[in-house]
Amino acid sequence: MDQSNGSFTNGADGRSRHPRIPVNLTSRDRTLLLIEDDATDARLIRGAIADARGGPFEVELAGNLADGLERLRQGKIGAVFADLFLPDSRGIETLDKLLVAAPQVPIVVLCGVDDEDIAIRGLLRGARDYLLKGYLDSYSFSRALHNMIERKAMEDALFAEKEHAQVMLDSIGDAVLSTDLSGKITYLNLVAESMTGWSREDAVGRPLAEVFHIVDGATRENSRNPMELAIQQNRTVGLAANSILIRRDGVESSIEDSAAPIHDRQGRATGAVIVFHDVSAAKAMTIKISELAQHDVLTGLPNRAYLNDRIAQAITAAHRHGSKFAVLFLDLDHFKHINDSLGHPIGDTLLQSVARRLVSCVRDSDTVSRQGGDEFIVLLSEVTHAKNAAPCAQKLLTMLKAPNFIGHHNLEISASIGISIYPDDGMDPETLIKTADTAMYQAKENGRNNYKFFEEEMNIRAVERQSIEEDLRGALERQEFVLQYQPKIDLRTGAITGAEALIRWLHPRRGMISPLMFIPVAEDSGLILPIGMWVRREACLQVRAWQDAGLPPLPVAVNISVVEFRDQNFLESVRAILKETRLEPRRLELELTESVLMQHVETATSLLQQLKAMGVQLVVDDFGTGYSSLSYLRRFPIDALKIDRSFVREITSNPDDATIVSAVISMGRSLKQRVIAEGVETREQCAFLQNQQCGEGQGYYFSRPVFPQQFAKLLQTGLSATVLN
């Protein structure tokens, strides 16, 4: 091949030789910026560039991203060769910052073989090329430089050629679009982009009818393609009267004007140009007002009024055809705490993301509505059998669980869904929504992130739940809560190593109410915050009282819910309670489940580190039931792992559970963390744990939860020596 034009040259052996760099390079093109913090790599790369064909090149070196950005701001850089892993920036973020700083300067990514996937992602983001550090030579740089410079020259020439016409067309007030002879879009000006909703990049190459979708305003039938008419008659033609342009997002506008054929030098039609403008400002305002009256402003979804109308229509159709339909009431789990901790703008963006995902999961004939706050309703307009709603509900749950990348936050959200069926669970919109709402609360009580069909007995439970919530609101003031303490035992010596504080509700009419019944209600209502603060304060006061009475000092553990952990005042409340009660921070243990820690990992890590710096002990509760990983466990400043009772229960009869427990004990030792087995109820379980060298145990085998006076006696007398023999 000819070398004079900078193309590759083949030798006699058929292999490609060095490309020739064009000789008409400017001084700016010959100034290259190398951003590399490794001195050895920088020296090798500089040497390779020096030997590259088409030189000489002046290479300026920056040892970090900040210096590189500063040099780019000074200008006169022809190309950038950048390592993405620098002291002050790492990964694809480095490339993004370079592209923002100098969008017109070609960038070549330098990477090791192990980071080639990052470099490939960089190409998709805007890098011109990438080079592997282990395979650098003058040929590699010659090729990269040749490709970049040649492409840049072509882009500059094309830009100059189009700029004049572009400015003129974008300056007029009318919309202009053109097509080729086959009816494919070749151009849109700015006004046309705005009116059609299509960017020029997205529209070019698409059929005219897809981008310029016009219908008759009276009949709603598709209007005849004006381009075809102009070419067929070979003259300028006006658009049909009452033409409605349907924008890409569905917004409609009345338009008028004309279409004309485009001819080549021989007078043959090569396409058409359509010029149009909006004549529906007043009409568009009326439509907008109507839309706002029926749609949620934040998400654009139908609102409550619109949904009720759609359900009424579905009832009419179902009654006529003898069919069924389903109403799914969806409530986001713990959304309030995202709003409170990260702010409403983040929460609003998350709601918009949720809305888009919900819409993507259903049919066009179905309706997704936002009821307000974090509540959504999905109307499945027709289901053959009630059970057919289940796959859709599961699809919604799965779609919502995918991470949401909003700002600098990786947010995960789940939902609880209640399902009602027409006509089984209601004959009118209000009843169907109410029964679906009732079923949704049952789904929350069953652990969240699941769905439940409405059952008649749920009405009884709903009334019961409401009654519990009402009584909870005054329980603290009426001093109806008490704490019991269950000892933790050293499995080698039998000594009591600590206690877990467990809340009990002594209801004046119902008697002792299990935490399983009132804690979920407290979390959903927000009452868990004052209740949790009371538990922490009361437990610390009790430990302080035991110490003042001359009993051995020991730590007390309290459980922390996700609602408390996300509360913006949580850290300060712990600090204030320790100061008030004069308790050493190391005497307070906070037990958090894996699911609490793994939601918003970065935020959790920061908060745990602050608690650790305070001196508080941190324990992962119910370990093995969540979805944490070893990498995260190493990042968290955890003091102890607590093996969930579900594994301990079967360790003497289920080999799989025995293996899991043994693995957790071994892992805890390797991470230098205490391991506590909870739910120990038999001598055989205790013996197994001792043989596996588990450090501590807790459960009915040693002692049930007891009131403070009884626990004090246990501290004085110790446990029976027979429990460990």
In short, Cys361 meets Leu396 closest at the heavy-atom pair CB-CD2, 3.5 Å
From Asp67 CG over to Asp37 CG, what is the distance, rounded to the nearest 0.5 angstrom? 11.5 Å
Between Thr270 and Asp264, do the side chains contain a donor N or O and an acceptor N or O under 3.5 Å apart? no
For Thr94 and Gly91, indicate whether the former's side chain and the latter's backbone hold a donor-acceptor pair under 3.5 Å. yes
To the nearest 0.5 Å, what is the distance between CG on Asp115 and CZ on Phe85? 4.0 Å
Check whether any side-chain heavy atom of Asn449 lies under 4.5 Å from a side-chain heavy atom of Leu400, and answer yes or no. no
Evaluate the side-chain contact (heavy atoms from CB on, under 4.5 Å) criterion for residues Arg90 and Leu84: first the C-alpha distance (whole Å), next the side-chain angles of each, then the deciding distance (0.1 Å), finally the verdict. CA-CA 6 Å; Arg90 302 187 66 77; Leu84 299 188; over 6 Å; no
Check whether any side-chain N or O of Ser360 sits under 3.5 Å from a backbone N or O of Arg357 as a donor-acceptor pair, and report yes or no. yes
I want to check something: taking the side chain as every heavy atom from C-beta on, are Val80 and Val108 in contact at a cut-off of under 4.5 Å? no
Mark yes or no for whether Thr186, through its side chain, and Ser178, through its backbone, hold a donor-acceptor pair below 3.5 Å. yes
Leu298 backbone acceptor or donor facing Gln352 side chain under 3.5 Å: yes
Heavy-atom pair of closest approach, residues Ile560 and Val596: O-CG2, 4.4 Å
Minimum heavy-atom separation for Lys401 and Glu412, please, with both atom names. O-CG, 4.4 Å
Could you please spell out the steps behind the side-chain contact (heavy atoms from CB on, under 4.5 Å) verdict for Met614 and Leu578? CA-CA 10 Å; Met614 196 186 301; Leu578 290 171; 4.0 Å; yes
Contact between Val176 and Ile274 at the side-chain level, heavy atoms closer than 4.5 Å - yes or no? no
Residues Asp639 and Arg674 bridged, charged N to O under 4.0 Å: no
Check whether Ser606 reaches the backbone of Thr603 with its side chain - one donor and one acceptor, N or O, closer than 3.5 Å. no
Quick one: does Ser666's side chain have a donor or acceptor within less than 3.5 Å of a partner on Ser662's backbone? no
Could you check whether any side-chain heavy atom of Arg448 comes within less than 4.5 Å of a side-chain heavy atom of His334, counting everything from C-beta outward? yes
A side-chain contact here means heavy atoms from C-beta on lying under 4.5 Å apart; do Trp198 and Arg247 qualify? no
For Asn189 and Asp174, indicate whether the former's side chain and the latter's backbone hold a donor-acceptor pair under 3.5 Å. yes
Can a salt bridge be assigned to the pair Glu36 and Lys133 using a cut-off of 4.0 Å between side-chain N and carboxylate O? yes
Nearest 0.5 Å, please: how far is CG in Asp88 from CG in Leu65? 5.0 Å
For the residue pair Ile35 and Gly68, what are the closest heavy atoms and their distance? CD1-CA, 3.9 Å
Passes side-chain contact (heavy atoms from CB on, under 4.5 Å), Leu34 versus Leu32? Steps please. CA-CA 6 Å; Leu34 172 61; Leu32 309 178; over 6 Å; no
Checking side chain to side chain donor-acceptor pair (under 3.5 Å) for the pair Ser353/Asn404: CA distance, chi angles, key distance, verdict? CA-CA 8 Å; Ser353 174; Asn404 293 270; 2.5 Å; yes
ring-ring contact (aromatic ring centres under 6.0 Å, His included), that's the test. Do Phe623 and Phe647 meet it? Break it down for me. CA-CA 10 Å; Phe623 186 75; Phe647 298 117; 8.8 Å; no
Close side-chain approach of Pro637 to Leu618, heavy-atom, < 4.5 Å: yes
For Leu245 and Met195 the tightest heavy-atom approach is CD2-O, 3.5 Å
For the residue pair Ala604 and Leu597, what are the closest heavy atoms and their distance? CB-O, 3.5 Å
Between Ser199 and Asp202, do the side chains contain a donor N or O and an acceptor N or O under 3.5 Å apart? yes
Would you confirm whether Arg128, through its side chain, and Leu123, through its main-chain N or O, come within 3.5 Å as a donor-acceptor pair? no
Side-chain contact, heavy-atom cut-off 4.5 Å: Leu641 with Ile643? no
To the nearest 0.5 Å, what is the distance between CG (Asp83) and OG (Ser89)? 10.5 Å
How long is the gap from CD on Gln104 to CG on Leu72, to the nearest 0.5 Å? 12.5 Å
Test item: Arg248 side-chain N/O and Thr196 main-chain N/O as donor-acceptor pair under 3.5 Å: no
side-chain contact (heavy atoms from CB on, under 4.5 Å), that's the test. Do Leu411 and Ile346 meet it? Break it down for me. CA-CA 10 Å; Leu411 302 179; Ile346 295 293; 3.7 Å; yes
Gap separating the OG1 atom of Thr349 from the NE2 atom of His409, nearest 0.5 angstrom: 10.5 Å
Are the side chain of Arg46 and the backbone N or O of Val59 linked by a donor-acceptor pair below 3.5 Å? yes
Apply salt bridge (charged side-chain N to carboxylate O under 4.0 Å, His left out) to residues Lys336 and Asp374 and explain how you reach the verdict. CA-CA 8 Å; Lys336 179 179 183 297; Asp374 60 350; over 6 Å; no
Do Val109 and Phe81 come within less than 4.5 Å of each other through their side chains, counting heavy atoms only? no
